[in-house]
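Here is the structure we will look at.
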Amino acid sequence: MKTTYIEPILDWYHANARDLPWRAPGATPWGVLVSEIMLQQTPVSRVLPVWHAWMARWPTPAALAAEPSGEAVRAWGRLGYPRRALRLHESARAITERHGGEVPSSHEDLLALPGIGAYTAAAVASFAFRRRHAVLDTNVRRVLARLLTGVEYPPKAQTKAEVALAESLLPPDPPTAARWAVAVMELGALVCTARSPRCVDCPVLDQCAWHLNGRPAYDGPPRRGQTYAGTDRQCRGRILAVLREAEGPVEKPALDVVWADPVQRERALDTLVADGLVDPLQDGRYALPS
DNA sequence: TACGCGTGGGT
DNA sequence: TACCCAAGCGT
């Protein structure tokens, strides 16, 4: 069976791709890597301004590696999941020390860096170095679930079958495989969205198994709903926000005022310290890590 | 394998 | 209004 959806999706991408700075001709592998870390679980619109500021301040891994980790946490701003900033800083130091300051191009070397898993390693190898990898993120998983499997959503946890399917679809030629990877991801981000998909704009609607099935509703276990209010995560976020916005070290009472429950507050502070996001100074004050 | 980990915009 | 969810990773 000859596949007829590769070409339409490549053509659709050529005509509809967003003009994102990490896709610009002058974008460096470092810029691609920074974007991928920031985009983990965070929308493009919120990443854009932080990415620009970050790249202006730290245009190379060595530039970031020369700074204290706390500066990375501060510059991370309100992107969320600030441990990513810490790991990106660690990666910058590893790249500077182990790779001569150049972002490695192989999936294996990328995977060895902190904060880089299977998806991000494949994405950087593909987007920055035009290597041939299955780039399987939440967008691509959803597109393949609909187009080929005929269901509205993929399973909660990624399966080996999904990986095998994605790899089987890769065009043999690496540059074309790289174009395919970014194109199918973009289709998921702009058209084949989680809610209210824009099927009228889909270049492969006539081949979509889910559409041909009559777009049956998702039939499976409830998809996780994450509560946030009142959690340790919210408490950690408030504590760290105080430190980000402070010029220097702060007294303990300045942290205490952000959360009423002292037990939860102390627990959150302890885990922030354990994570390396907060530095307890000898004089009793607290600061972003140096 | 399932869970913890931030934040804010869309529906 | 309350969810839902957004280019995941590490444990």
Side-chain angles (χ1 to χ4, degrees), chain A residues 17-18 20-23 31-51 73 76-88 90-91 110-128 133-143 152-160 162-163 166 181-190 192-198 218 221-244 258-259 264 267-268 270-272 274-278:
Chain A
R18 286 170 293 180
L20 300 172
W22 43 86
R23 290 179 185 161
V32 173
L33 173 56
V34 171
S35 77
E36 287 302 330
I37 301 295
M38 290 183 174
L39 287 163
Q40 292 170 0
Q41 302 285 282
T42 305
V44 167
S45 61
R46 288 175 46 211
V47 164
L48 279 170
V50 181
W51 184 90
V73 174
W76 198 253
R78 305 190 67 81
L79 286 183
Y81 295 147
R83 292 186 297 191
R84 291 183 292 167
L86 230 38
R87 293 183 180 133
L88 181 53
E90 290 174 41
S91 280
L110 288 162
L111 196 55
L113 296 171
I116 298 190
Y119 160 75
T120 304
V124 173
S126 179
F127 302 160
H133 290 285
V135 181
L136 200 55
D137 77 325
T138 188
N139 289 304
V140 176
R141 294 183 65 218
R142 188 174 55 248
V143 171
E152 185 175 18
Y153 297 118
K156 281 196 299 275
Q158 188 179 108
T159 64
K160 290 181 181 176
E162 287 182 273
V163 176
V182 71
V184 66
M185 185 180 304
E186 189 80 335
L187 185 67
L190 297 184
C192 196
T193 51
R195 284 179 296 179
S196 308
R198 299 167 173 79
Y218 175 73
R223 312 174 71 217
R224 80 163 189 284
Q226 50 182 0
T227 54
Y228 181 61
T231 61
D232 286 7
R233 289 158 77 174
Q234 184 182 32
C235 182
R236 284 166 54 104
R238 289 199 187 165
I239 291 170
L240 203 59
V242 172
L243 293 170
R244 270 200 317 265
V258 303
W259 202 261
Q264 189 174 24
R267 183 171 66 229
D270 284 347
T271 64
L272 284 169
D275 285 347
L277 285 163
V278 173

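These numbers come from the heavy atoms of this one structure, side chains and all, not from hydrogens, waters or symmetry mates.
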If you take atom types as modelled and just measure distance, does the side chain of A/T42 reach the base of B/dG6 with a donor-acceptor pair under 3.5 Å? yes

Side-chain donor or acceptor of A/R46 under 3.5 Å from a matching atom on the base of B/dG8? no

DNA chain B: A/A157 or A/G237, which has the more 5' nearest nucleotide? A/A157

Whole angstrom value for the distance that separates [atom2] of [N] from [atom1] of [X]:
X: A/D275; N: C/dG10; atom1: CG; atom2: P; value: 13 Å
X: A/L272; N: B/dC5; atom1: CG; atom2: P; value: 9 Å
X: A/E36; N: C/dC9; atom1: CD; atom2: C1'; value: 14 Å
X: A/Q264; N: B/dC5; atom1: CD; atom2: P; value: 10 Å
X: A/K156; N: B/dT1; atom1: NZ; atom2: P; value: 13 Å
X: A/I37; N: C/dG10; atom1: CD1; atom2: P; value: 9 Å
X: A/I116; N: C/dA7; atom1: CD1; atom2: P; value: 19 Å
X: A/Y81; N: C/dA7; atom1: OH; atom2: C1'; value: 14 Å

To the side chain of A/R78, which of B/dG9, C/dA6, B/dT7 is closest? B/dT7

The side chain of A/T138 is closest to which nucleotide in this list: B/dG6, C/dG8, B/dC5? C/dG8

In terms of the nearest nucleotide of DNA chain C, which residue is placed more toward the 5' end: A/A121 or A/P43? A/P43

Between A/R83 and A/R195, which has a closest nucleotide on DNA chain C that is more 5'? A/R195

Would you say a side-chain N or O of [X] is under 4.0 Å from OP1 or OP2 of [N]?
X: A/R142; N: C/dA6; answer: yes
X: A/T120; N: C/dC9; answer: yes
X: A/R84; N: C/dG8; answer: no
X: A/R236; N: B/dG6; answer: yes
X: A/Q40; N: C/dA7; answer: no

Below 4.5 Å, heavy atoms only, C-beta onward: do [X] and [Y] meet side chain to side chain?
X: A/M38; Y: A/W76; result: yes
X: A/D232; Y: A/T271; result: no
X: A/I37; Y: A/I116; result: yes
X: A/L110; Y: A/T120; result: no

Verify, without hydrogens or angle tests, whether A/Q264 (side chain) and A/G230 (backbone) share a donor-acceptor contact under 3.5 angstrom. yes

Within the distance-only criterion (no hydrogens, no angle test), does the side chain of A/R23 pair as donor or acceptor with the backbone N or O of A/A17 below 3.5 angstrom? no

Expressed in whole Å, how much space separates the [atom1] atoms belonging to [N] and [M]?
N: C/dA7; M: B/dA2; atom1: P; value: 22 Å
N: B/dG6; M: C/dT11; atom1: P; value: 15 Å
N: C/dA6; M: B/dC5; atom1: C1'; value: 14 Å

Counting the atoms with a prime plus P, OP1 and OP2 as sugar-phosphate, which does [X] contact under 4.0 Å by heavy atoms, base, sugar-phosphate, or nothing?
X: A/T271; value: nothing
X: A/L79; value: base
X: A/A194; value: sugar-phosphate
X: A/L86; value: nothing
X: A/W22; value: base

Using the side chain to side chain contact (heavy atoms under 4.5 Å, CB included) definition, which of the options A/V140, A/T138, A/V143 pairs with A/M185? A/V140

